Amino acid sequence: MTEKNMDKKFFVTTPIYYINDRPHIGSAYTTVVADALARAHRLRGDETFFLTGTDENSQKNVEAAEKAGEKDLQKYLDNMAAIWQSTWKTLGISYDDFIRTTEERHLKAVERFWKAVDASGDIYKDTYEREYCTGCEEFKTAAELVDGKCPLHPNRELEIVSEENYFFRASNYRDDLLKLYHEKQEFVQPVSRQNEIRNYVKQAMGDFSISRESKKISCGIPVPGDDTQRIYVWFDALINYMSAVGYGTDDKLFKKWWPASLHLIGKDIIKFHCALWPAMIMSAAKSDELLRDENNNALLPERVFAHGFFTVDGQKMSKSLGNVVDPLELIKEYPFDVIRYFLLREIPFGEDGDFSEKRLAGRYSSDLGNTLGNLLNRAVSMSRKYFDNKVPTLNADDAKVALANTTWAGAEGLETLWQSVDAYINNARLDLALEAIWTGEGSGLIAANKYVEETKPFKLAKEDMEKCGLVLYSLLESCRHYAWMLQPVMPDIAKQIIEQLGQDYAVESKKNFKELKAWGGLKPVSSLPEPKILFPKML
RNA sequence: CGCGGGGUAGAGCAGUUGGCAGCUCGCCAGGCCCAUAACCUGGAGGUCGUCGGUUCAAGUCCGACCCCCGCAACCA
């Protein structure tokens, strides 16, 4: 793994969610990934901005409000947005900002953006008789239809729309987009998606209709200078990533944060994020210097990472099957850290995955209880037993090197492990980072448990207290390292581990990353409180 | 010819540039006793979907085929 020269800035986003229902495990997944990455970057000292929010200008919300019997749309939106916010709070999501696309700052950003695209000559008016899919919220070209229906929503009747709309000349940017994919391979992640988007741009992408007649829809942002038209929801939604950091309201703030480091999305909205969005920016940048870098290049997001979808116990998650997983129900059974761990560890990032409570229970008892919890517990218990309730007294450097002929490699091994964890984090691969923390050769949790067997500190306690102290110290110190490696994923568990090691979490978490990573952070002779079981057996 | 994903040990998955088939869980047998009936060691278990091709060598490259999954509504 090559260590990238990352900016000291990390700006990560989730999609803005439709609020026609409460959050489920899928939206929680995206948000947890973003949260863990944000926490990881904060821990590493990067200036971090984590944005999430709600997409409120969609006709879907109007339909949902009607269904809920709420006549006042704004009231409905306010209620739902509050539910989303409080759900994220309950789940420990550490977002820095929550944007709602009905907010004033967003309207201003959209207005400025629209004007810029218009000034670049990429907006034109045209009358088209076109087929609009209310499922996708987009117009379909003949090439995209199958048997005269949208292949994604074959049971929805296509609306035949004949009206004068504004169009965005996305076709102007086809070559630029292809060049972007070619020159910046990491722009579209995972790699398996790159072909898909390339083919789309090459073969299917046309101009986008970006407005509807006001009289036909009951929500949406008015087109600047033309009250008879409202902006199509996707065109306004994407701009949220900019409006939240001051586009249209605070140039200085915008310059600080834009471009986004990483857009996290689901695989269903790749087209919008990897094609439409960069094309929009390329266009606006021609007329708005705020959107250009010093070389006059458009400031595009650095990376878009699309993850897969869940099945539940192998089945599609659906309301009619009654297997929609509600994260708020789940945390009644498992601490949220456990669910975070499961989601991030179990599902290869970028692939589809399966959510199963049986496997969640398996991960809980095996990975967390038997391996992580047990290691901490046995190390602390022995130290307390043999060293008067304290971390063994010694010079920490003496414990750097593992005893001979062991599979666990001591301080050197941890250093290697840190390197791979850091590299995985830089690539947004938390799944691989977690895997490494457990199975890392000569350095992971599994190897550390082996080390106990190989050195038998409980035997050494009767024969060689000095050696016993060295072994126990290195075990305790490694637990401290594991705690910090895991902190972005399991912030609460990490805190508990640090506290069980007799450290003051508030003090520790103020240390800089280099210091945390260095061997010897655990002070010898500090006293060890009575250990509490981190992951109790479940009935 | 709608789009996309996938078929590797009982389950879930890794397999980078082709070079002795791996990981976690489960199962069987031992060991240990510090620890959450936890931990460690050993073992059984795979003709890597099928058929062809390229090659000294193919899970890995090429071709054809078979099968599975997602794409109405909820929805990342």
Side-chain angles (χ1 to χ4, degrees), chain A residues 1 14-15 17-18 20-34 60 64 133 135-136 143-147 149-157 192-193 195-196 199-200 204 264-271 306-311 314-324 345-348 350-354 356 358-359 362-363 365-386 407 431-432 435 438-439 446 448-461 468 471-472 475 531-538:
Chain A
M1 277 281 158
T14 73
Y17 303 103
Y18 285 136
N20 48 4
D21 205 347
R22 21 175 81 244
H24 61 65
I25 197 72
S27 31
Y29 176 62
T30 319
T31 311
V32 165
V33 171
K60 282 182 185 173
C133 173
C136 300
E144 289 174 296
L145 299 179
V146 179
D147 298 330
K149 306 228 171 195
C150 166
L152 269 64
H153 304 89
N155 290 357
R156 281 207 179 200
E157 284 303 315
S192 57
R193 295 287 168 197
N195 250 341
E196 188 182 342
N199 287 342
Y200 166 71
L264 289 170
I265 61 169
K267 66 178 183 181
D268 54 334
I269 50 177
I270 291 177
K271 278 197 306 192
H307 66 252
F309 281 179
F310 287 140
T311 50
Q315 281 189 307
K316 180 176 165 45
M317 182 166 61
S318 80
K319 274 192 172 170
S320 49
L321 287 171
N323 64 351
V324 174
R345 170 73 180 86
E346 181 81 3
I347 294 141
E351 307 288 312
D352 286 346
D354 186 51
S356 131
K358 200 174 156 198
R359 301 234 302 284
R363 291 279 180 195
S365 75
S366 167
D367 292 7
L368 297 178
N370 299 350
T371 304
L372 171 61
N374 190 230
L375 176 70
L376 176 72
N377 199 239
R378 64 203 304 210
V380 170
S381 296
M382 281 189 276
S383 300
R384 281 171 52 86
K385 195 179 274 186
Y386 309 137
T407 55
D431 55 328
L432 297 179
E435 188 183 17
W438 262 261
T439 64
I446 291 173
N449 267 316
K450 283 190 219 260
Y451 190 60
V452 178
E453 300 305 318
E454 289 165 344
T455 56
K456 300 193 191 333
F458 40 88
K459 222 173 189 176
L460 288 174
C468 178
V471 169
L472 287 178
L475 287 171
K532 284 192 205 93
I533 301 295
L534 274 181
F535 305 99
K537 286 272 171 230
M538 298 201 305

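Here is the naming used below: chain letters follow the sequence lines, and residue numbers restart at 1 for every chain. These numbers were taken from a predicted model, which means no experiment stands behind them.
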Please report the distance, rounded to the nearest Å, between NZ in A:Lys456 and P in B:C32. 8 Å
Note: for A:Asn449 and A:Tyr18 on RNA chain B, the residue whose nearest nucleotide lies more 5' is A:Asn449
At what distance, to the nearest 0.5 angstrom, does CG of A:Asn374 lie from OG of A:Ser366? 11.0 Å
Can you tell me how far OG1 of A:Thr455 sits from CG of A:Leu472, rounded to the nearest 0.5 angstrom? 8.0 Å
Between B:U17 and B:C74, how many Å separate the two C1' atoms, rounded to a whole number? 44 Å
Pairwise side-chain contact, A:Thr371 with A:Ile446, heavy-atom cut-off 4.5 Å (strictly under): yes
Interatomic distance at C1', B:G18 relative to B:G59, whole Å: 10 Å
Whole angstrom value for the distance that separates C1' of B:C74 from CZ of A:Arg22: 14 Å
Could you tell me how far B:A44 sits from B:G2 if I compare only their C1' atoms? Round to whole Å. 47 Å
Under 4.0 Å protein heavy-atom contact, by nucleotide of nucleotides 3-9 of chain B - B base, S sugar-phosphate only: -SSS---
How long is the straight-line distance from CG of A:Asp354 back to CD1 of A:Ile347, given to the nearest 0.5 Å? 8.0 Å
Whole-Å C1' distance, B:A29 and B:G5: 41 Å
With a 4.5 Å limit on heavy-atom distance, are the side chains of A:Met382 and A:Val471 in contact? no
Please name the pair of heavy atoms, one in A:Cys468 and one in A:Pro457, separated by the smallest distance, quoted to 0.1 Å. SG-O, 3.4 Å
Sequence-aligned protein contact record of nucleotides 22-31 of chain B, with B where the base is within under 4.0 Å of a protein heavy atom and S where only the sugar-phosphate is: ---S-----B
Look at all strands and tell whether A:Pro15 reaches a base, only sugar-phosphate, or nothing, counting heavy atoms closer than 4.0 Å. sugar-phosphate
How many whole angstroms separate atom CZ of A:Arg378 from atom P of B:A35? 10 Å
Distance between P atoms of B:C67 and B:U50 (Å, rounded): 15 Å
I need the minimum non-hydrogen distance between A:Thr14 and A:Ala34, along with the two atoms involved. CG2-CB, 3.6 Å
Could you measure between the two P atoms, the one in B:G53 and the one in B:U16, and give it in whole Å? 24 Å
Rounded distance in Å between the P positions of B:U47 and B:C65: 26 Å
What's the separation between atom CG in A:Asp431 and atom NE2 in A:His307, rounded to the nearest 0.5 Å? 13.0 Å
At what distance, to the nearest 0.5 angstrom, does OH of A:Tyr386 lie from CG of A:Leu460? 9.5 Å
Rounded off to whole Å, could you give me the CG-to-C1' distance for the A:Asn374 and B:A38 pair? 5 Å
Base, sugar-phosphate, or nothing: which does A:Pro531 touch, judged by heavy atoms less than 4.0 Å apart? nothing
Going by heavy atoms in the side chains, are A:Lys267 and A:Asp352 under 4.5 Å from each other? yes
Using the side chain to side chain contact (heavy atoms under 4.5 Å, CB included) definition, which of the options A:Val380, A:Leu534, A:Asn449, A:Asn370 pairs with A:Leu375? A:Asn449
First of A:Asp354 and A:Tyr386 reached from the 5' end of RNA chain B, by closest nucleotide: A:Asp354
Between A:Thr31 and A:Tyr17, is any pair of side-chain heavy atoms under 4.5 Å apart? yes
Residue A:Tyr17, side-chain heavy atoms: nucleotide from B:A14, B:U36, B:A76 that is nearest: B:A76
Separation of B:G2 P from A:Asp268 CG (nearest whole Å): 22 Å
Please test A:Ile270 against A:Tyr200 for side chain to side chain contact (heavy atoms under 4.5 Å, CB included), starting from the C-alpha separation and ending with a verdict. CA-CA 10 Å; A:Ile270 291 177; A:Tyr200 166 71; over 6 Å; no
Base, sugar-phosphate, or nothing: which does A:Gly26 touch, judged by heavy atoms less than 4.0 Å apart? base
Among B:C74, B:C33, B:U36, which nucleotide has an atom closest to any side-chain atom of A:Lys537? B:U36
Can you measure A:Lys385 atom NZ to B:C34 atom P for me and round it to whole angstrom units? 5 Å
Touch class at under 4.0 angstrom, heavy-atom based, for A:Phe310 against every strand present: base
Kindly confirm whether the side-chain ring of A:Phe309 is stacked on the base of B:A76, judged by centres under 5.5 Å and planes under 30°. yes
How long is the straight-line distance from NZ of A:Lys532 back to CG of A:Asn377, given to the nearest 0.5 Å? 12.0 Å
Could you give the CG-to-P distance, from A:Leu475 to B:C34, as a whole number of Å? 15 Å
Read 5' to 3' with Watson-Crick or G-U pairs under 3.5 Å, [ ] for crossing pairs and | for partners on another strand, RNA chain B gives .((((((..((((.....[..)))).(((((.......))))).....(((((..]....))))))))))).....
Same-atom distance (C1') from B:C48 to B:G7, integer angstrom: 10 Å
Report the distance from atom CG of A:Leu368 to atom C1' of B:C39, rounded to the nearest whole Å. 16 Å
